[in-house]
Engineer: 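Quick one: this structure, given as structure tokens, is what I'll be asking you about.
Only this structure's heavy atoms are used, side chains among them; waters, hydrogens and symmetry mates stay out. Quick note on labels: first sequence line is chain A, next is B, and so on, each numbered from 1.
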Amino acid sequence: MSRTETPVAPTASTELTWPDPCETAGTVRLVAPDGTRLAQEALELSGHGLYAAASARVTPQELRAMYRDMALTRAFDREATSLQRQGELGLWPECRGQEAAQIGSAHALRERDHVFPSYREHGVAHVRGLPLHELLHLFRGTQHGGWDPTAHGFHLYTLVIGSHTLHATGYAMGVQRDGDVGTGTDRDRAVVAYFGDGATAQGDVNEALVFAATTNAPVVFFCQNNQWAISAPTTVQTTVPLVERGTGFGVPSVRVDGNDVLAVRAVTEAALERARAGGGPTFIEAVTYRMGAHTTSDDPTRYRERAEEEAWARRDPIERLAALLRAEGHADADFFAAVEADAAELTAGVRAYCRALTPPPASSMFEHVYADRHPLVEQESAWFQRYEAGFAAGDADADRAVAAR
Amino acid sequence: MTVTTAPAPTGTERLPLAKAINAGLRRALATDDRVMLMGEDIGRLGGVFRVTDGLQAEFGTQRVVDSPLAESGILGTAIGLAMAGYRPVVEIQFDGFVFPAFDQITTQLAKLRYRSKGLLEVPVVIRIPYGGNIGAIEHHSESPEALFAHTAGLRIVTPATSADAYAMIQQSIASPDPVIFLEPKSRYWDKGEVDLSGSGVDLGPDGWRSLHHARIVRPGADLTIAAYGPTVATALAAAQVAQQEGHDVEVVDLRSISPIDVDTLVESVERTTRLVVAHEAPMFFGPGAEIAAAVTERCFHHLEAPVLRVGGFHTPYPAAAVETEYLPSLDRILDAVDRALAY
Ligand SMILES: Cc1ncc(C[n+]2csc(CCOP(=O)(O)OP(=O)(O)O)c2C)c(N)n1
């Protein structure tokens, strides 16, 4: 074996445009990148007629609501990114580019459904009714969570890749045991786990698919294939289309254009309905793109091409829906101006909230470690309070160390 | 070993700790074709901390491998590669993400030599950026060394300086045993002199013999502080403050957590009669507890004070806003020094 074998292939591609992975047969797409709906006949032929029929029933009002949610999410995301740049947040994982995948799927949820997100699902949080600023505690470093997971059926963000897909499956097994599936009433509910293309390589995600398939749990695996896991393209995780992962486990699977909010909504709705009706799990691969960096600590220029980013920018999910709204006469300039005004108001509030977030008292670190009395934590907490009090009281010994720094 | 034809770097350079590891990895890759690196984002990106920066461009994608996002997979395949004669050096992106691989490390990697009566060799090195103080979100600041130290069959080491980082990474790769190489991420950017002409395999910097020897980095007469990794610099700063107050504090850099060089500690404590152990890991069942017990057993009659520990509390690593209060700061170390001297 020689050291010089297999040098790194240059990233630069001679292609001027990146192929659109959603043009492959089998991928559900209802609205073209230019905002025009695809013809019903063609969709019937490709077997996607039912999705088209369902989305034809989506009212102009909901279309506008989805646009608004996407636009607000993007504005919030942009604001959080600049707050990080200004040193107000430790880190921020941007969701820019993934708004259709998130808003479309979240719009298919019902109140009693539960969501298990990873760490980038800001749009889903918003649709679930979580005030977006509550997401900031975690990234400002004032708390590890920051919101009530049960209040909106939106669980805490999970940073260990893939772990929560098992929690979602277990929760769904609980829902099933409670008899909250297949009753044909409002009681029926389902669970969604959001994760990335990189996560599909984790053992936990594969085990979640095994459990879900064999228990017929009412869970939807919603994979946002945004093409990259930090610097690793999807081809590092799989050699087959990701959607085939689900099938191999016996979980029915669908590939959808993740930048087509109507298609995502239709596909997720069908999967959720199947789950609620007792039909079991579904795996959805939403093909989308992370337009920004992985997080604010990342430098995508090290591993990806500008031309790729530009090709995806032309498939921008928000512009696609705006074009549709305009073309079908559902929205005028006033509507867009109003959304913009709402976005400005939201971001101003977020900025003020973020800046006002102060560190909790240090003694709070001893809270909530256990529910029951734990003498060790009590001892350490008491020691810490005495130690802190030494500083507060102007204790000469303690102050001197501070002064010496 | 294949002798490289590429010119070996020579001379002494002032390098940040991360770059010193990079230089050590480069040298190991260049001198032994069996050495290979695996991990998430270590190729083109150079790892999230850029520790492997430029190595894939230099050695190719077969030697520096971007792994799928699966830690159990990374460790499990590294074990197989090691059995096939390779010397895999894997990178775990952050301390909190080693746990998906915990099973492979503790039930397989640590035990294969023992189970095969020495017939199988699994010289895997696991590099883990560890410790806090960088204002990160959860799972990015932990010190899990005790969890591994409790498992026989694993060596656990951690450099505190650039020179040690350069030498110890090469010693770890050369070791026939599995080594967990903990990288103090808060010190990645601290610079120090590194002699790049030595390989560091046979002889560490300043004549340091082997991977598991502790080193007295600051001699003193009144009290010993034992520390490792990120805490060594804090201990040295504390010793300096104590000096201004007339206390002559010795600082020992343990360098290795499994095994622990108890002899060096005993030798030190017999002279200074007092010991404070400082580390970021939680104190409860932590390395400090082991050190206190081992030293007390051997130095009972020399000790003027109980061995005191400064470390993390029995809480999950807290949110960044309060992490400085959790960590063994200069003040907390000095507080322990005061308490020990007051006996
Ligand atoms: C178990 C584990 N290993 C490594 C990491 C570090 N890490 C954070 S995000 C990430 C990439 C995730 O990619 P993907 O699953 O595609 O999701 P995306 O970030 O693209 O939404 C990695 C490697 C982690 N958080 N957890």
Engineer: Crowded around B:Phe102 CZ? As in, over 12 foreign heavy atoms under 6.0 Å?
Structural biologist: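 Yes.
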Engineer: For A:Val377, is it the side chain, the backbone, both, or neither that has a heavy atom closer than 4.5 Å to a heavy atom of chain B?
Structural biologist: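 Looking at A:Val377, just its side chain touches chain B.
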Engineer: With a 4.5 angstrom heavy-atom cut-off, is it the side chain or the backbone of A:Glu388 that approaches chain B, or both, or neither?
Structural biologist: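 Answer is side chain: those atoms of A:Glu388 sit under 4.5 Å from chain B.
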Engineer: Can you tell me how far apart CZ (A:Phe366) and OH (B:Tyr326) are? Round to the nearest 0.5 Å.
Structural biologist: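 The CZ atom of A:Phe366 sits 9.5 Å away from the OH atom of B:Tyr326.
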Engineer: Heavy atoms, side chains only, cut-off 4.5 Å: are B:Val322 and A:Pro360 in contact?
Structural biologist: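 Side chain of B:Val322 against side chain of A:Pro360, heavy atoms only: contact under 4.5 Å found.
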Engineer: At a heavy-atom separation under 4.5 Å, does B:His314 approach chain A through its side chain, its backbone, both, or neither?
Structural biologist: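 Both parts, backbone and side chain.
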Engineer: Pick one of side chain, backbone, both or neither for B:Thr324, based on which atoms fall under 4.5 Å of a heavy atom in chain A.
Structural biologist: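 Nothing of B:Thr324, per the 4.5 Å heavy-atom cut-off to chain A.
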Engineer: Name the region of A:His374, side chain, backbone, both or neither, that has any atom closer than 4.5 Å to a heavy atom of chain B.
Structural biologist: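 For A:His374, side-chain heavy atoms alone lie under 4.5 Å from chain B.
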Engineer: Quick check for you: to the nearest 0.5 Å, what is the distance between A:Asp298 atom CG and B:Leu45 atom CG?
Structural biologist: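 If I round to the nearest 0.5 Å, the distance is 6.0 Å.
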Engineer: In terms of heavy-atom pairs under 4.5 Å with chain B, which of A:Gly162, A:Ala362, A:Pro361, A:Pro359 leads?
Structural biologist: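 Of the options given, most contacts go to A:Ala362.
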Engineer: Name the atoms and distances for all side-chain donor-acceptor pairs under 3.5 Å in residues 89-100 of chain B, with sequence neighbours left out.
Structural biologist:
| from | atom 1 | to | atom 2 | distance (Å) |
| --- | --- | --- | --- | --- |
| B:Glu91 | OE1 | B:Arg127 | NH1 | 3.0 |
| B:Glu91 | OE1 | B:Arg127 | NH2 | 3.1 |
| B:Gln93 | NE2 | B:Glu40 | O | 3.3 |
| B:Gln93 | NE2 | B:Asp41 | OD2 | 3.0 |
| B:Asp95 | OD1 | B:Ser141 | N | 3.1 |
| B:Asp95 | OD1 | B:Glu142 | N | 2.9 |
| B:Asp95 | OD2 | B:Gly131 | N | 3.4 |
| B:Asp95 | OD2 | B:Glu142 | N | 3.3 |
| B:Asp95 | OD2 | B:Lys185 | NZ | 2.5 |

Engineer: Would you please test B:Phe313 and A:Val369 for side chain to side chain contact (heavy atoms under 4.5 Å, CB included) and show each step?
Structural biologist: CA-CA 11 Å; B:Phe313 299 112; A:Val369 184; over 6 Å; no
Engineer: Could you look at B:Val64 and say if it's the side chain, the backbone, both or neither that has a heavy atom under 4.5 Å from chain A?
Structural biologist: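 For B:Val64, no heavy atom lies under 4.5 Å from chain A.
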Engineer: Okay, side chain of A:Gln143, backbone of B:Ala319: is any donor-acceptor separation there less than 3.5 Å?
Structural biologist: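 Checking the backbone N and O of B:Ala319 against the side chain of A:Gln143, no donor-acceptor pair under 3.5 Å is found.
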Engineer: Return the minimal non-hydrogen interatomic distance between A:His144 and B:Tyr317, and the atom names on each side.
Structural biologist: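 In terms of heavy atoms, the two residues are closest at NE2-O, 2.7 Å.
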Engineer: In plain terms, say whether B:Asp335 and A:Arg386 are close enough for a salt bridge, that is, a side-chain N and a carboxylate O under 4.0 Å apart.
Structural biologist: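 Salt bridge flag = no for A:Arg386 with B:Asp335.
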Engineer: Given heavy-atom pairs under 4.5 angstrom as the criterion, report whether the side chain, backbone, both or neither of A:Ile161 touches chain B.
Structural biologist: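 For A:Ile161, the side chain is the part near chain B, not the backbone.
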Engineer: In terms of heavy-atom proximity below 4.5 Å to chain A, should B:Gln240 be classed as side chain, backbone, both, or neither?
Structural biologist: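 Interface part for B:Gln240: neither.
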Engineer: Just give me the residue among A:His137, A:Glu367, A:His294, A:Gln237 that pairs up with chain B most often, heavy atom to heavy atom, under 4.5 Å.
Structural biologist: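 Counting heavy-atom pairs under 4.5 Å, the top option is A:Gln237.
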Engineer: Does any heavy atom of chain B fall under 4.5 Å from the side chain of A:Phe139, the backbone, both, or neither of them?
Structural biologist: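 Both backbone and side chain of A:Phe139 come within 4.5 Å of chain B.
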Engineer: Heavy atoms only, distances under 4.5 angstrom: which of A:Gly198, A:Ser364, A:Gly196 has the most pairs with chain B? Name it, please.
Structural biologist: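 Winner by heavy-atom pair count: A:Gly198.
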Engineer: Side-chain contact, heavy-atom cut-off 4.5 Å: B:Arg50 with A:Arg302?
Structural biologist: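 Yes - at least one pair of side-chain heavy atoms lies under 4.5 Å apart.
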Engineer: Quick check on B:Asp103 against chain A: is it the side chain, the backbone, both or neither that has a heavy atom closer than 4.5 Å?
Structural biologist: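 Neither part.
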Engineer: Considering residues, nucleotides and ligands other than A:Tyr370, do more than 12 of their heavy atoms fall under 6.0 Å from its OH?
Structural biologist: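 Result for OH/A:Tyr370: enclosed.
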Engineer: Select one option (side chain, backbone, both, neither) describing which atoms of A:Asp204 are under 4.5 Å from chain B's heavy atoms.
Structural biologist: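 Neither; nothing under 4.5 Å.
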Engineer: Once you round to the nearest 0.5 Å, how far does CG of A:Leu159 lie from CD1 of B:Ile137?
Structural biologist: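 The distance works out to 4.5 Å.
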Engineer: Which residues pass the side-chain hydrogen bond (donor to acceptor under 3.5 Å, both in side chains) test with A:Tyr119, not counting sequence neighbours?
Structural biologist: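 A:Tyr119 satisfies side-chain hydrogen bond (donor to acceptor under 3.5 Å, both in side chains) with no other residue.
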Engineer: Kindly indicate, with the supporting measurements, whether the criterion side chain to side chain contact (heavy atoms under 4.5 Å, CB included) is fulfilled by A:Glu380 and B:Met283.
Structural biologist: CA-CA 10 Å; A:Glu380 290 188 347; B:Met283 287 176 280; 4.3 Å; yes
Engineer: Could you check which of A:Asp197, A:Val236, A:Leu91 has the highest count of heavy-atom pairs closer than 4.5 Å to chain B?
Structural biologist: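 The candidate making the most pairs under 4.5 Å is A:Val236.
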